[in-house]
There are 2 protein chains.
Amino acid sequence: MTEAATDTKQMIMSAARLMVQARGFNGLSFRELAKEVGVKSASIHYHFPTKGDLGAALARRYTEDAVLYFDGLLAVSDDPAAHIRGYTEVFRSALVNNNRMCLCGIMAAEHDDLPVEVRAEVDKFTKVNVKWLVKVLSRQQPAAQAQAQAQAQAQAQAQAIERHALAIFAAVEGAQLVARGRGDIAVFDQTIEAYRTAGLLP
Amino acid sequence: MTEAATDTKQMIMSAARLMVQARGFNGLSFRELAKEVGVKSASIHYHFPTKGDLGAALARRYTEDAVLYFDGLLAVSDDPAAHIRGYTEVFRSALVNNNRMCLCGIMAAEHDDLPVEVRAEVDKFTKVNVKWLVKVLSRQQPAAQAQAQAQAQAQAQAQAIERHALAIFAAVEGAQLVARGRGDIAVFDQTIEAYRTAGLLP
DNA sequence: ACCTGAACACCGTTCAAGT
DNA sequence: ACCTGAACACCGTTCAAGT
């Protein structure tokens with residue numbers, strides 16, 4: 001039976017994710033984590049040899065879950081405004097969950113102090129977000145119209161969309177960071193609304 | 001002579017600020033800091049009894065310097081667009097300085113893991129930024145026009161400006177966070193430009 | 001007034017030892 | 001296969017002792 005073992009590993013990951021979302025990667029303690037799970041800290045190392053291994057595993061799963069959710073949004077609606085509402089909802093729900101942050105958002109702040117394998121996974125999360133936002137923004141532009149454009153113009157358009165996508169991701173992460181500091185979910189909502197009013201969000 | 005003593009204290013603060021901007025408050029080590037300054041770690045405690053005292057002192061001075069710089073911008077020009085260019089330049093220059101972050105931006109991510117006295121100073125930085133941005137945005141609106149408005153309308157306008165200011169602060173912090181992750185100053189510039197294009201920045 | 005060595009309880013990590 | 005106690009070099013902090 002590998003069931004109990006798998007359960008322990010899952011329990012470690014669940015507890016660790018919450019701890020990192022609250023206090024950052026540097027704020028995560030193996031001894032404290034072990035106490036929460038009900039094992040000794042040396043046992044954590046059996047499942048995750050180093051703290052970097054654990055951090056990378058957390059970020060990888062977090063990104064996988066995000067991809068599933070994001071793709072689900074695209075399948076359920078054709079409205080870019082609805083897509084973006086679903087998008088910002090992920091970041092909102094982290095705050096609702098005891099004022100926590102996006103796992104990769106908080107780790108991004110620790111970027112230069114992160115083990116390389118964790119940093120690589122955090123960077124992948126950014127890439128996945130931007131890629132999905134590009135898809136959403138591209139749908140706004142009728143495909144036929146884009147194809148009718150001259151090639152140079154189409155490339156300039158693609159670059160503008162890429163930058164717009166990155167700007168949305170950055171702005172939403174920033175909104176979460178500031179709202180978390182205020183400890184007020186209304187600040188997040190108002191900031192997102194201000195982005196919409198300005199025209200940054202569709 | 002308190003000169004040598006003052007020098008040591010200043011050297012500690014300078015070195016510590018750079019370390020925190022690069023690796024966060026949790027990533028700051030008294031022993032490493034002491035080595036950099038050329039004293040023993042116990043000596044750091046003479047000038048700053050706890051790590052929280054040092055962190056709070058760093059954030060306080062950082063905010064004071066920011067206020068001086070921001071007010072200088074207002075004195076030198078009447079153009080809100082120029083004010084905002086000067087504003088984003090502070091965050092840009094941190095990135096130029098070895099891919100560092102705004103001291104309070106990186107500490108904001110560690111918010112819930114910060115000693116209370118540090119957290120208080122970090123929150124003050126946000127307040128100072130928003131207050132200044134409100135001033136800049138309010139200047140766009142001719143004062144006479146604002147006074148001519150009905151009181152209820154003027155209040156709604158003030159609230160909209162407050163939220164706009166918070167949105168700008170959040171977006172700029174987010175731009176820095178994401179650009180820092182990419183290790184590319186061009187990402188910061190393009191994101192700020194995308195904010196401007198969208199109409200978030202004047 | 002300023003600095004230090006030594007001790008304390010913490011941390012991630014390793015490893016021989018247990019089941 | 002999974003867990004553990006004990007040891008290691010780190011960490012912030014304290015304090016008696018030095019100048």
Side-chain angles (χ1 to χ4, degrees), chain A residues 1-20 22-59 106-107 110 112-119 121, chain B residues 1-20 22-59 106-107 110 112-119 121:
Chain A
M1 284 297 156
T2 55
E3 210 179 276
T6 305
D7 276 0
T8 301
K9 191 164 184 174
Q10 299 313 317
M11 281 172 68
I12 291 170
M13 287 191 73
S14 299
R17 184 172 66 86
L18 291 176
M19 285 176 162
V20 174
R23 315 213 312 238
F25 181 76
N26 264 325
L28 174 69
S29 155
F30 265 44
R31 281 175 169 85
E32 209 175 322
L33 175 58
K35 210 167 285 176
E36 181 112 350
V37 175
V39 294
K40 298 297 171 181
S41 83
S43 301
I44 310 284
H45 287 279
Y46 173 77
H47 297 284
F48 303 97
T50 70
K51 199 176 166 183
D53 291 325
L54 174 56
L58 290 176
I106 197 166
M107 282 185 168
E110 304 174 284
D112 288 19
D113 202 34
L114 247 30
V116 278
E117 64 271 27
V118 181
R119 186 156 47 209
E121 293 296 333
Chain B
M1 285 294 158
T2 55
E3 210 179 276
T6 306
D7 276 0
T8 301
K9 191 164 183 173
Q10 298 314 316
M11 282 172 66
I12 291 170
M13 287 190 73
S14 299
R17 185 172 66 85
L18 291 175
M19 284 177 163
V20 174
R23 313 212 314 235
F25 181 75
N26 264 325
L28 175 69
S29 156
F30 266 43
R31 282 175 169 84
E32 210 176 321
L33 175 58
K35 210 166 284 176
E36 182 112 348
V37 175
V39 294
K40 298 298 171 181
S41 82
S43 302
I44 309 285
H45 287 279
Y46 173 77
H47 297 284
F48 303 97
T50 68
K51 199 176 168 183
D53 291 325
L54 174 55
L58 290 177
I106 197 166
M107 282 185 168
E110 304 175 283
D112 287 19
D113 202 34
L114 247 32
V116 278
E117 63 272 28
V118 181
R119 186 156 47 211
E121 292 297 333

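The chains referred to below are lettered A, B, ... by the order of the sequence lines, with proteins before strands, and numbering in each begins at 1.
Looking at B:Val118 and B:Glu110, their side chains never come closer than 4.5 Å, going by heavy atoms from C-beta outward.
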Listed pairs under 3.5 Å, donor-acceptor, residues 26-33 of chain A side chains, sequence neighbours left out:
{"from": "A:Asn26", "atom 1": "ND2", "to": "A:Asp113", "atom 2": "OD2", "distance (Å)": "2.8"}
{"from": "A:Ser29", "atom 1": "OG", "to": "A:Arg31", "atom 2": "N", "distance (Å)": "3.3"}
{"from": "A:Ser29", "atom 1": "OG", "to": "A:Glu32", "atom 2": "N", "distance (Å)": "3.1"}
{"from": "A:Glu32", "atom 1": "OE1", "to": "A:Arg23", "atom 2": "NH2", "distance (Å)": "3.2"}
{"from": "A:Glu32", "atom 1": "OE2", "to": "A:Arg23", "atom 2": "NH1", "distance (Å)": "3.3"}
{"from": "A:Glu32", "atom 1": "OE2", "to": "A:Arg23", "atom 2": "NH2", "distance (Å)": "3.4"}

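Smallest separation of non-hydrogen atoms from B:Ile12 and B:Val37: CA-CG2, 3.9 Å. Listed here is the closest heavy atom pair of A:Leu54 and A:Ala16: CD2-CB, 4.1 Å. Closest of all the heavy-atom pairs between B:Arg119 and B:Asp112 is NH1-CA, 3.6 Å.
Position along DNA chain D of the nearest nucleotide to A:Ser43 versus A:Tyr46 favours A:Tyr46 as the more 5'-ward residue.
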Parsed dot-bracket for DNA chain D after applying the Watson-Crick and G-U rules with both distances under 3.5 Å and | for other-strand partners is ||.|||||...|||||.||
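A salt bridge (Lys or Arg N to Asp or Glu O under 4.0 Å) check over residues 35-57 of chain B, counting only residues at least two apart or in different chains, returns nothing.
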Would you mind building the protein contact string for nucleotides 5-19 of chain D? One character per nucleotide, 5' to 3', B for base within reach (heavy atoms under 4.0 Å), S for sugar-phosphate only, - for untouched. B-B---BBBB-----
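Residues forming a side-chain contact (heavy atoms from CB on, under 4.5 Å) with B:Ala57 (at least two apart in sequence, or on another chain): B:Met13, B:Phe48. The salt bridge (charged side-chain N to carboxylate O under 4.0 Å, His left out) check on B:Glu121 picks up B:Arg60, B:Lys124, with sequence neighbours excluded.
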